[in-house]
Amino acid sequence: MAEPLPPQYNPQENEDALYRWWEEQGFFRADAASEREPYVIVIPPPNVTAMLHMGHGLNNTIQDVLIRWRRMQGREALWLPGTDHAGIATQNVVERLVAKEGKTRYDLGREAFVGRVWEFVHETGGVILQQLRAIGASADWTRTRFTLDESLSRAVREVFVTLYEKGRVYRGHRIINWCPRCLTALSDEEAEPAETQGKLWHLRYPLAEGAEIPGLPRLPDGRQYMTIATTRPETMLGDTGVAVHPGDERYAALVGRELDLPLTGRRIPVVADEYVDPEFGSGAVKLTPAHDPNDFEVAQRTGVATLNVMTPEAAINGEAPEPFRGMDRFEARRAVVTSFEELGLLEKVEEHTHAVPHCYRCDTVVEPRLSEQWFVSMKPLAEPALQAWRDGQVRFHPERFGRTYEHWLENIRDWCISRQLWWGHRIPVWYCGDCGETIVAREDPTSCTKCGGSALEQDPDVLDTWFSSWLWPFSTMGWPEDTADMRKFYPNSTLVSGHDILFFWISRMIMAGLEFRGEVPFRDVYLTGMVRDHLGRKMSKSLGNGIDPLVVKQRFGADALRYTVVSGSGAGTDQLLNYENLDETFGPGRNFANKLWNAGRFALMNLGDDPRVPLDEVSADLEPMDRWILSRLSKSVREVTDSLERFRLQDAATRGYEFFWGELADWYLELVKPRLRGDMGDASRRAAQATLAQALDGALRILHPVMPFITEVVWQKLPKAEGEAPALIVAPWPQPRPEWEDAAAERAIEELQAVIGAVRTIRGEYGIQPAARVPLRIPGASDEVKAVLDASRRALRDMCRVDEVEFAGADGEVGASAVLRSGTELFIPLAGVIDLDKERARLRDEIQRLDGHIAGTEKKLSNESFVARAPENVVQYERDKLASFGDQRGKLAEKLQALEGAA
RNA sequence: GGGCGCUUAGCUCAGCUGGUUAGAGCACCGGUUUUACACACCGGGGGUCGGGGGUUCGAAUCCCUCAGCGCCCACCA
């Protein structure tokens, strides 16, 4: 042994160097030509501009645990990393940079702007992949992919064209979610509803002249009117009708008549449609087909006209009357309300809470907008995806997310995939300027397929980011080419992701896998919860409540981070981490790493430099404690493996922890010390060494997936058996060893533990000096117990300061006794150990004091007026107190009796 | 408005298909420099398992109900 190791583990000294070595050795690389059974995870690609946060920390640690475990099991384990171009998000970032130069993307022009984004991505992108290395992610970096890579772009194009050919991609005029700040369409999933305190304005629309409807109210000037309610009064500028329910008798006579739309000078019809709920508000709905999806549908059915009154920026356009033109939508809202008020047409205003959709990227209020977009019709894709789940081809962990998945798929709506952005996959569609033909092609066309003209113009839009992400499980493998990776590593095995992108990503991947490959892309889906702060809030930059994983690594080590997130919550469960007290949050993980380090140091000191002694060479000399720890190891291996198989990573981590700390370190190491010193002879020492090496080895292996660094550091320092692997990362996962499992040894050591525990408790209760040695009598010990106690005399001495053990009775002696759960009785003579007179006096005083309390409380409770008048809980409190005093007194009396001896 | 989930020690959480005395870590109290580790060791206190009702020989666990919290979905203007 070269230099003595420091008593505290220093992660900084080891982690990064170890990681580099692993990577250089190629331990993370997967081989498509291997004969081994594959195990594949593709990373949920983080945004290319992202910085590592705790969500990534949790998510990627879980993937790494699974990958490392399977790799140790001998699988050809591939963890494929990569990043997402993140259309809107990345474009927004670069637009902000350009804005600092006082320019917009339009000033630069499309080509130059996209060039700027690429520049930015090349300079700063992919930082997160470096950060993932810091927390130990054992991904195959030689296979790193980016959603805009040429090969992945080919997959995107193939899929778009194929779906178009099948009639599943189509272009249509629809009301879509429009972000007036990003100036693009959004999918339904990208429009996030937020509870908002708004208002419900009740507006009066006068009946056009010439009609008289009985029962309809009148304005002061005598005109009759209808009341409609709206949360967005500004849209009335684009109203083209009012709808009522066909069965609503109040308005039956109105259907077909016209109303004067205030402020506009236009006349609009009253129509009937089932959509209207006669119970809500006045039972009449204003129709703004260009700015509301439902109104649009009603208009389609009833033939009401469509009028767009807003610009892409959501300002009022030239279709609206003069005073409102150019106003922002919220400004126009105030102006419209004011005008109605002035005209005496504002009936009332109510408070109204409702869900207002916001852009998921910039949080601007989404404006529904009529425009021409590309869609994927989803029903045909959803059905097989639903069936695959019902058939059990894909399973969710936890299972309950299957129902969420089912519900979404059953109610699926078409997916708007075109985006009015510049950063992304350009839509492979061209329009012929000569004959108007639409050309959708895998290769860029040079002339019109119909008229042969060359005036082709490509569709200016790009595809939704998720339109490339949903192909990720196979596009990363080289599809549509028939590659070796495709054959070996597809389908994938497990997908690990936050449940927040179940719809965005996971469901769509399942659909794409079934549609384009005829099978599910992965068998198991592990959904992580969200990482929150200790108040249950989402971690966010604006709240300043985030935890930087790299700071955690710096202060506590990557292993501590990993242990904390893996042991801290199960699948689907949110994890609460206190950002204000990192010591409390990550200290336990760091302490555990330190424990591993020190157990390793201890072993190194005691095992020496010689090659490891194989267990079968010492089998004749194994003692119960040896057989016990081996038995426990075998069972722990089984439990950890079983937990991992069932995706119960939390249990796997804590079981490894309990075995290592609670059994190996706390008990075996202590019990075995005298033997390692050589107190019990050479054969016993060699048996102890062989067992210790074996137990430590097994413990390190089962903990390695969770805490790869410290386990590797320790394992590599330990003496090796002949021909053993060069690194723990590629060492085999241990098997349970039924031949080691030994019920008798477990019983014996449990008894020994109970004895030691009982002696320690007695020592504490009687305040025996820590250094004082006590005799121990165990009269009724079985032969089994006798044997183990006898063999462990020295350990017993050290562990609870017992100096002699006798199996004879304790006639008339004064002392403390205890009965173990097994029924074994044990007795510790106290004469000469403690000052008996003083102890007896102390006990008598205590009893006397308690008697006083008891008498007082009894008196109180026997006082009828107290019991009658005092509140119930006060009386109960007194009763509880009395019972507690009684218990305490009983215990003290027992002790006193013991000390008074047989006399 | 639908659907899902949660409520167990001061805090963060285990407790799987009902069965010995409900567990862990942290925090708390007391003790220990016993040469692997004070990021440790030893001992200890602390829970009417959200409330109520039911099924059962037996319920933290199953059923009903009430309350509180959270998430997802949804076109009620």
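Proteins get letters first, then strands, A, B, ... in listed order; numbering begins at 1 in each. Quick caveat: nothing in here was measured; it's all calculated off a predicted structure. Only this structure's heavy atoms are used, side chains among them; waters, hydrogens and symmetry mates stay out.
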Quick check for you: among [options], whose closest atom lies nearest to any side-chain atom of [X]?
| X | options | value |
| --- | --- | --- |
| T573(A) | A14(B), A36(B), G15(B) | A14(B) |
| R413(A) | A74(B), G15(B), A36(B) | A74(B) |
| F503(A) | C75(B), A36(B), C72(B) | C72(B) |
| P588(A) | U34(B), C26(B), A77(B) | C26(B) |
| F280(A) | A14(B), U34(B), A77(B) | A77(B) |
| A599(A) | C71(B), A36(B), C16(B) | A36(B) |

Got a sec, which residues hit ring pair (Phe, Tyr, Trp, His ring centres under 6.0 Å) with [X], two or more places apart in sequence or on another chain?
| X | value |
| --- | --- |
| H499(A) | F401(A) |
| F592(A) | Y563(A), Y657(A) |
| W408(A) | F503(A) |

Between [N] ([atom2]) and [X] ([atom1]): distance, integer Å:
| X | N | atom1 | atom2 | result |
| --- | --- | --- | --- | --- |
| I412(A) | C72(B) | CD1 | C1' | 15 Å |
| E195(A) | A74(B) | CD | P | 14 Å |
| W201(A) | A77(B) | CH2 | C1' | 13 Å |
| R646(A) | A14(B) | CZ | C1' | 13 Å |
| D651(A) | G15(B) | CG | C1' | 10 Å |
| E234(A) | A77(B) | CD | P | 14 Å |
| E639(A) | C16(B) | CD | P | 15 Å |
| E279(A) | C76(B) | CD | C1' | 12 Å |

**Residue from K286(A), R369(A), R232(A) passing salt bridge (charged side-chain N to carboxylate O under 4.0 Å, His left out) with D292(A)** = R232(A)
Write down the distance separating the [atom1] atoms in [N] and [M], rounded off to the nearest Å.
| N | M | atom1 | value |
| --- | --- | --- | --- |
| U17(B) | C64(B) | P | 16 Å |
| U7(B) | C63(B) | P | 14 Å |
| A9(B) | A60(B) | P | 14 Å |
| A22(B) | G5(B) | P | 28 Å |
| C37(B) | C41(B) | C1' | 9 Å |
| C66(B) | U20(B) | C1' | 34 Å |
| G1(B) | C57(B) | P | 41 Å |
| U48(B) | U8(B) | P | 12 Å |

Does [X] reach a base, just sugar-phosphate, or nothing at all? Heavy atoms under 4.0 Å.
| X | value |
| --- | --- |
| H499(A) | nothing |
| L669(A) | base |
| P293(A) | nothing |
| H352(A) | sugar-phosphate |
| A593(A) | nothing |
| D277(A) | base |

**Fill in**
Assign each of V276(A) and D188(A) the nucleotide of RNA chain B bearing its closest heavy atom; nearer the 5' end lies the nucleotide of D188(A)
**Asked** When you check the side-chain N and O atoms of K348(A) and T227(A), is any donor under 3.5 Å from an acceptor?
**Response** no
**Asked** Is there a donor in the side chain of E192(A) and an acceptor in the side chain of Y360(A), or the other way round, less than 3.5 Å apart?
**Response** no
**Prompt:** Of I762(A), D803(A), V759(A), which meets side chain to side chain contact (heavy atoms under 4.5 Å, CB included) against L776(A)?
**Reply:** V759(A)
Would [X] and [Y] pass as an ion pair if we require N to O under 4.0 Å?
| X | Y | result |
| --- | --- | --- |
| D414(A) | R174(A) | yes |
| E350(A) | K199(A) | no |
| D642(A) | R646(A) | yes |

Nucleotide forming a Watson-Crick or wobble pair with [N], both distances under 3.5 Å:
| N | answer |
| --- | --- |
| C4(B) | G70(B) |
| C41(B) | G31(B) |
| A77(B) | none |

**Request:** Any chance you could list the contact pattern along nucleotides 37-47 of chain B? Use B for base contacts, S for sugar-phosphate-only contacts and - for none, protein heavy atoms under 4.0 Å, 5' to 3'.
**Result:** B-BSSSSS---
**Request:** Produce a footprint string for nucleotides 4-12 of chain B: one letter per nucleotide, 5' end first; B if the base is under 4.0 Å from any protein heavy atom, S if only the sugar-phosphate is, - if neither.
**Result:** SS------S
**Prompt:** Do the side-chain N or O atoms of R537(A) get closer than 4.0 angstrom to the phosphate oxygens (OP1, OP2) of C71(B)?
**Reply:** no
**Request:** Verify the contact: side-chain N or O of R532(A) to OP1 or OP2 of G70(B), cut-off strictly under 4.0 Å; return yes or no.
**Result:** no
**Request:** Check side-chain hydrogen bond (donor to acceptor under 3.5 Å, both in side chains) between R537(A) and all other residues, then give those that pass, not counting sequence neighbours.
**Result:** D533(A), Y579(A)
**Prompt:** Are there more than 12 heavy atoms of other residues, nucleotides or ligands under 6.0 Å from atom CD of E351(A)?
**Reply:** yes
